[in-house]
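Keep in mind the model is a prediction, meaning the values are calculated, not measured. Throughout, a chain's letter reflects where its sequence line sits, starting with A, and its residues are numbered from 1. These values consider heavy atoms only, across backbone and side chains, with no hydrogens, waters or symmetry-generated copies.
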Amino acid sequence: MPFILGKFSFIFKEFRIKIMRYPFAEIEPKWRKFWEEKEIYKTDLSKTENKLYSLVMFIYPSGAKLHIGHWYNYGPNDSWARYKKLKGFNVFEPIGYDAFGLPAENYAIKTGIHPYDSTIKNIEDIRVQLKNMGCMYDWDAELMTCAPEYYKWNQWLFLQLYKKGFAYRKNAPVNWCPNDQTVLANEQVQSDGTCERCGTPVIQKNLTQWFFKITDYAEELLEGLDKINWPEKTKLMQRNWIGKSEGAEVIFKTDGRDKDIKIFTTRPDTLFGATYMVLAPEHPLVDKLIMDKITRLLTSKKISTKIPKNKLNELSSDKTFKKLKKSFEEIYIIYLAYTYLPLTKKRLSIIFDLSGESVRNYINKIPKKLLLELPPKPNYMQSIRNNWRELDDYSYYDHLKIKDKINGYKTETQRKSEIDRTSTVKEKTGVNTGAFAINPVNNKKIPIWIADYVLMTYGTGAIMAVPGQDERDWEFAEKFNLPIIRTVQPPENFDGKAFLGDGPAINSDFLNGLNVNDAKQKIINWLEDKRIGKRKINYRLRDWLISRQRYWGTPIPIIHCPKCGEVPVEEKDLPVELPYDVEFRPSGESPLQSNKDFINVKCPKCGADAKRDADTMDTFVDSAWYYFRYLNPEINDTIFDKKLADKWIPVDMYVGGAEHAVMHLLYARFIHKFLRDIGQTNSDEPFTNLIHQGTITNQGNKMSKSKNNVVNPDDFTDKYGSDVFRLYLMFMGPYDLGGDWSDKGIAGTDRFVQRTYELFNKFNDASKGTNTKSKYDLNSLNENEKKLYRKVNQTIKKFGEEIENFRFNTAIASLMELLNENKSLDECSNEIRVYILERFAVLLSAVAPHLAEECWQLLGKDKSVFENPVWYEEDVAALIEDKVNIAVQINGKLRSTIKLPVDADQQTVKSAVFSDEKVLKYINGNKVVKEIFVKNKIYNVVVSN
RNA sequence: GCCGAAGUGGCGGAAUUGGUAGACGCGCUGGACUCAAAAUCCAGUCUGGCUCACACCAGGUGCCGGUUCGAGUCCGGCCUUCGGUACCA
C-alpha cells in the first residue's frame, strides 16, 4: 500500500510515512466503489420528512465533454448537498442529459456522424466523468431527453396545451439563420444581429410557426416572483422581460373616414400634446388609409348614402363580393370608373391595387346583375367626373408617389432585422401617409405617419406621438419638422429636450395644474366616460415560438389533413417517434420532410392521405419539466409520478448558470403553472431557491470550443485527484462571481489535502477504543487543549454558516485555519485529539468527500461518513474566548491594543486604557472631550488641545 | 442609452449591525534539510520614512467631496470593468 516516490535512497522506515503522498488514484476509486456498492446515494423517495431536492441544470451534451464550467456548477453544489445530508436531510440529487438540440445536429452536418450515435457516445463519456467527480447522484434517476420514453411526454404536454388553446399556429416574421437553415428565437440572436451558434447575420423570414401562449400567464409569472427566493438580479431580469406597463388604450378617429386607430399609451395625461400619429409600417390600416385618400377624391360623397342601407348590407354579404376581397364601396367605384370614365386599365389597376390582374378580368367577376340595379344618378356621376379632374391634375400623382414611397418603406422595413430596426443609435426614418387623425381631446387634425420605430408586435402597433414628453417622438418631430407641445411644465433649470419627469400639466385644458399621476387618472376617467378609451395593461412578453425546422428534437404531434386541417395525434398513438433515417443537412426545409415513411400518414379523423408536421420542438420544452421526471423516469403511463411530485416538488435548491435567467427559468415556470392548472401538480412554482454559479473565463474570454480555449478538467483530476480539483474551484473566490481561470493556486489546496492526510496517518486508529463526549468542560482542559477545542467548535459554526450560503471559499479557509492549529495536536490527550479529528473529518467530508472518508477510516471508524451521516453541533460555551483584544483609539486612530477578559466593563477597560503608556503619550496635555466604549471591541478617547 | 453587479497587496481573495483593513491561499525573499535539486518544514512579505534592531511615525480599500469619535462598509457627484437589455409607446 505505501506509495514510494523517487529514488530508493528514500526508503527509511521513519521517512516513509512522512513523505507518503495522498494516493488519490487508489483512494478515490475505492470510495466511489464503496458508495456505489452500498447504494448510499439511492434516495428513498417514500421518506419525505426532511426531504431535500437539490438540482443542478442538466447537461447539454454539445459534442464536447465536461468542461470546467460543469465542474464549477456541480462540484460545489454537491458539497452543499452533502453538508445537508450530514445535517440529516434526505437528499435527492439527480443528473441527466438535455440531449436534443442544435450542437449534435451541427456536429452531424460537419462529420456525418448521426446525432443519435454521437449523443449516445457522448453521454457515455460524460457519465464516466461525472462518476469520477464523486457527486451523490442517484443514478437510478438518470434521464435523457432524446429517449422516446421521455419526449413522448413533451408531445403529450403539447397536446394538453393544444386542447386548451395554448398551442397554436400563426404566420409570423421570424429570425432565420441562413447558415443553420433554421429559425432562431429572439434570445438566440446576439446583440450584433448574428446567430448565437454560428455567428452568421440573421435575416427575417415569414413562416407558419407553432407558439405556446405564455402571455396568458404574464401576470401570474410576474406576481409569482415575489414568492420565490431567487437572486434579485434574476427576478429583475424576468420582470423586465415580462415588461408590464399600465396605461390606456385610446381611439383616434381618422379625418373623414370610418377607420379608427387604436393606440396604447402609458402617458394618457399627455394627450393634449399629441401632435402626430405613427403606425407601424406593417399596420393593416396603412394600405386602407392610402386607398381611402384616392377613393375619396374619386367620390366626394359617400356612396353608401346613395344606396338604401338594407340593400348595401345585402350586397356586402354576397359571397361573390366577398371573394373579390374589396369592400362593396370600392367595387362599386371600380365598376363606375371603368364603365363611365375615360380611365385606362393601367391607371385603375394602380389606384385600386389590383396587382397582376387586369381590371377587365376583375370587372367581369362582378355580378353585373346586382350592380345594374343601382344605376348612378346623373348628378352623382358629375361629381365623380369633377373629382377625377382634380385628381388627374395633381393629387392623383402625388398620392401615387406616396403610395410608392410607402410601399418602398414597407419593404425596406421587412428587410431589416429586428436588431437593425430597433437600434437606438440609428437615425429616425418615416413616411407621411397624407392622412389625418383627429385628436379626441381637442378635435385637432394631426398627420398620420408610418415609421419603423413603432413595432407591430407591441401594444396596438400604433402610437400617438407626444414629442414634448417622449425622447423618440422628440427626435422624430425634430427631424421631420412636426410641432412640439409641452404638456408637463419642466423645472426652471431644465435644458433637455423631451421632459419625462413629473410636474404640473400645461397646455392641457381641464388637466392643467395636475401632476402626472392625477392627470392620468382624470383623463382616463374622461376617456372612459366618452367611450373613446379605457384603462389598459400591456406586456412586453411575447408568445413562445417553439417550432424548429430541425431534425434533432421532439416531433410535433400534429397531422395536417387536406380535409380536416390540423389534427392532433391521439394520445394512445404517442410517441411520434423520431425516425433515424433522414437527410439532416440543411436544405431550407425541415429535415423530417425527407423521410416519406414518417411524413405520409392517414388522417386519424377521416382516413385521407395526410402529412405529419415536419417541425420539431424547441429544447426548452424538454427542460421545462424534467425535474418532475427525475422522481421516476421509468414511469410509462403518465408524464411523471404525481404522488411523488406532490411531496418532492418544488425543488428546494436549483443551481445553474445565469445565462438561463430568462428563457429556461421563465418557460419552466410557465409550464409548471400550466401543469398545475390541468391538475398535474399542487405547487405554484418549480424552484423555491435558486443560485447562479459565476462564469469561469479564460483570459477574460468565455470558454468555447470555437475559440479553442476550453480548459479540460481531466488534466487536473489526473494530476491532483478530484477532491483537490473540487476544493480548488470552491476556494477560488465567491461562487456567484466566477472569475478568470488560473491554475496558479491549485498547489495550495493540494498541500492542504496532503497535510490533512498526513495528520490522520499520524494518528492512525486513534479513535479505536476511545469514546468522546459531545462536550467538555473548558476548565478540565489544559491550555493547548482548550485552544484547539475552541478552534474546532468555532470552525464548526463558521464552516456551517458559510456552506449553508454557498460561500465555499471562506468555508475552506476556515478548515485551513483549523488544520494550521492542529499542529499542536501532539500536546493533547488522545480523547481530545479524537474529539477534534472526528469533527475535522466530518467537516471535510462535505468538501472533499473521498479524502474525508479515508481519514475517517484511518481514525478507526467502522462505518463510513456517508453510510451513517453525522454532524457535530458546536459547543456554544467554546465559542467565546477568555480574553479579547480591545483596540484603543485616540480621535479614531488606533494607538494601542490591550488584552482583557471578555465582557470587561467600561470602568475596567478605562483604567487599563489610562495606564497604557502609548495612550498616555497622546492624552497628556490634551483635554479629554469624549470617550466611546464598545464592549469587547474598542475604546476611543476623543481629545482636543 | 437604460438596468444590474463589481473596483481592496505582485496575484486569487477575507473583513457581523460603521469598530484593530489585508483572514486563507498563491507567488516572492531568507533560513533548515540535501552533494545538489524537487518535496517538506521554519521565518518574513501593503507602501513610504526612520532605526543595528525592537519600536515608532506617515499614508493606504477606483477618483472627488460629505456624515461620524470612527467609513472598504453610509450619503452625494464622477471614472473604469464586467453582465443583461436594445426605440416596448
Side-chain angles (χ1 to χ4, degrees), chain A residues 5-6 9-10 18-19 21 186-187 191 231-234 236-237 239-241 243-245 247 263-267 270 278 418-419 421-426 428 451-455 457-466 469-473 475-476 538-542 658-659 661-662 694-695 697 700 728 731-734 736-740 742-749 751-752 754-755 758 801 807 809-817 819-820 823 885-897 918 921 929-934 936-943:
Chain A
L5 279 179
S9 57
F10 283 116
K18 225 181 169 184
I19 65 137
R21 293 188 53 82
N186 282 342
E187 306 90 54
S191 58
E232 279 308 317
K233 204 177 81 179
T234 307
L236 186 68
M237 276 164 73
R239 282 189 190 108
N240 291 340
W241 195 262
K244 179 179 182 172
S245 49
I263 61 109
F264 172 73
T265 177
T266 52
R267 293 294 302 274
T270 63
V278 186
E418 182 115 333
I419 304 297
R421 185 170 163 182
T422 56
S423 158
T424 39
V425 287
K426 187 205 73 170
K428 297 259 180 296
D452 62 6
Y453 83 91
V454 173
L455 310 173
T457 44
Y458 182 79
T460 59
I463 61 156
M464 64 168 191
V466 190
Q469 273 75 230
D470 185 288
E471 284 170 339
R472 298 154 299 179
D473 295 346
E475 205 188 311
F476 192 84
N538 241 308
Y539 299 92
R540 201 187 83 116
L541 183 69
R542 297 176 203 176
E659 66 272 20
V662 207
T695 315
T697 53
Y728 180 57
F731 187 61
M732 270 175 37
D736 54 351
L737 244 57
D740 205 44
S742 157
D743 58 9
K744 263 168 128 184
I746 198 165
T749 43
R751 260 170 232 157
F752 168 73
Q754 301 302 338
R755 281 162 54 204
E758 227 170 75
E801 282 169 0
R807 292 191 295 258
N809 55 334
T810 43
I812 292 168
S814 75
L815 290 187
M816 287 174 166
E817 283 184 45
L819 178 67
N820 290 344
K823 275 167 199 159
N885 270 328
I886 292 172
V888 184
Q889 299 181 337
I890 308 295
N891 291 345
K893 283 187 188 247
L894 179 75
R895 294 304 177 189
S896 178
T897 59
K918 285 182 228 157
K921 210 165 76 189
V929 179
K930 198 175 172 185
E931 285 161 68
I932 293 131
F933 172 66
V934 181
N936 298 330
K937 285 258 163 73
I938 61 149
Y939 196 96
N940 188 5
V941 186
V942 184
V943 298

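- The structure places CG of N538(A) at 10.5 Å from OG1 of T265(A), a figure rounded to the nearest 0.5 Å.
- Between R540(A) atom CZ and rC2(B) atom C1' the separation is 12 Å, expressed in whole Å.
- Within the model, atoms CD1 of I463(A) and CZ of R267(A) stand 13.5 Å from one another, a figure rounded to the nearest 0.5 Å.
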> Reading nucleotides 18-26 of chain B from the 5' end, what letters show protein touch, with B for base, S for backbone sugar-phosphate only, - for no heavy atom under 4.0 Å?
Replying inline: -BB--BBSS
When you compare the protein's N or O atoms with those of nucleotides 43-50 of chain B, which come within less than 3.5 Å of each other, and at what distance?
none

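- Taking atom C1' in both rG70(B) and rA21(B), one finds a spacing of 14 Å when rounded to whole Å.
- With rounding to whole Å, Q754(A) atom CD is found 10 Å from rC41(B) atom P.
- The structure places CZ of R807(A) at 10.5 Å from CG of D736(A), a figure rounded to the nearest 0.5 Å.
- Separation of atoms OG1 (T810(A)) and CG (L815(A)) is listed at 10.5 Å; rounding is to 0.5 Å.
- Between the CZ atom of F933(A) and the C1' atom of rG70(B) there is a distance of 16 Å, given to the nearest Å.
- Remark: K428(A) fails to qualify as a cation-pi partner of F476(A) under the 6.0 Å distance and 45° angle criteria applied to the six-membered ring.
- The gap from the C1' atom of rU67(B) to that of rC75(B) amounts to 7 Å, rounded to the nearest Å.
- Rounded to a whole Å, the CD atom of E931(A) is 16 Å from the P atom of rG70(B).
- In this structure, the salt bridge (charged side-chain N to carboxylate O under 4.0 Å, His left out) partners of E817(A), at least two apart in sequence or on a different chain, are K791(A).
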When you compare the protein's N or O atoms with those of nucleotides 56-59 of chain B, which come within less than 3.5 Å of each other, and at what distance?
residue, atom, partner, partner atom, Å
rC57(B), OP1, Y922(A), OH, 2.3
rA58(B), OP2, R895(A), NH1, 3.2
rG59(B), OP2, K893(A), NZ, 3.3

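- Per the geometry, CZ belonging to R239(A) stands 16 Å off P belonging to rC3(B), to the nearest Å.
- Remark: the separation of the P atoms in rC74(B) and rA5(B) is 12 Å, to the nearest Å.
- For P734(A), the listed nucleotide lying nearest its side chain is rG13(B); candidates were rG13(B), rC88(B), rC69(B).
- A residue-by-residue look at K233(A) and E471(A) shows that E471(A) has its nearest nucleotide of RNA chain B further toward the 5' end.
- Atom-to-atom, CH2 of W241(A) to P of rG84(B) comes out at 12 Å; the value is rounded to the nearest Å.
- In this structure, the side chains of M464(A) and T270(A) come closer than 4.5 Å at one or more pairs of heavy atoms.
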>> For a side-chain contact (heavy atoms from CB on, under 4.5 Å) check, start with the C-alpha distance between N940(A) and K930(A), then their side-chain angles and the critical distance, and finish with the verdict.
In response: CA-CA 8 Å; N940(A) 188 5; K930(A) 198 175 172 185; over 6 Å; no
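- Between K244(A) and M237(A), the residue anchored nearer the 5' end of RNA chain B, judged by the nucleotide with its closest heavy atom, is M237(A).
- With sequence neighbours excluded, no residue forms a side chain to side chain donor-acceptor pair (under 3.5 Å) with Y728(A).
- Comparing rC63(B) with rC26(B), their C1' atoms sit 30 Å apart, to the nearest whole Å.
- Environment of CD in E931(A): crowded, with over 12 heavy atoms of neighbouring residues, nucleotides or ligands closer than 6.0 Å.
- Taking atom C1' in both rA14(B) and rC79(B), the straight-line distance is 26 Å, to the nearest Å.
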Look for any protein N or O under 3.5 Å of an N or O in nucleotides 66-68 of chain B and output each such pair with its distance, or none.
none

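- How far NZ of K918(A) is from CD1 of I890(A): 12.0 Å, rounded to the nearest 0.5 Å.
- Partners of N240(A) according to the side chain to side chain donor-acceptor pair (under 3.5 Å) rule, which considers only residues two or more places apart in sequence or in another chain, do not exist here.
- For K244(A), the NZ atom sits in a packed shell: over 12 heavy atoms of surrounding residues, nucleotides or ligands are nearer than 6.0 Å.
- Residues that satisfy the ring-ring contact (aromatic ring centres under 6.0 Å, His included) test with Y539(A), not counting sequence neighbours, are absent from this structure.
- Between the CG atom of L541(A) and the P atom of rA86(B) there is a distance of 13 Å, rounded to whole Å.
- Separating the C1' atom of rU61(B) from that of rU51(B) is a span of 29 Å, rounded to the nearest Å.
- The C1' atoms of rG27(B) and rU34(B) are separated by 24 Å, rounded to the nearest whole Å.
- In this structure, the side chain to side chain donor-acceptor pair (under 3.5 Å) partners of D740(A), at least two apart in sequence or on a different chain, are T697(A).
- Residues passing the side chain to side chain donor-acceptor pair (under 3.5 Å) test with N936(A) are D903(A), sequence neighbours excluded.
- The glycosidic torsion of rG9(B) lies within 90° of 0, which places this base in the syn conformation.
- For R472(A) and rC88(B), the shortest distance from a side-chain N or O to OP1 or OP2 is below 4.0 Å.
- Remark: E232(A) CD to R239(A) CZ distance equals 6.0 Å, nearest 0.5 Å.
- By the ring-ring contact (aromatic ring centres under 6.0 Å, His included) test, F731(A) is found to be paired with no residue, residues two or more places apart in sequence or in another chain being considered.
- Taking atom P on both rC82(B) and rG12(B), the two are 15 Å apart, rounded to the nearest angstrom.
- As a whole-Å value, the separation of M732(A) CE from rA14(B) C1' is 16 Å.
- Helical stems involving RNA chain B, defined as 3 or more consecutive Watson-Crick or G-U pairs under 3.5 Å, span B:1-7 with B:79-85, B:10-12 with B:24-26, B:27-32 with B:40-45, B:46-49 with B:56-59, B:62-66 with B:74-78.
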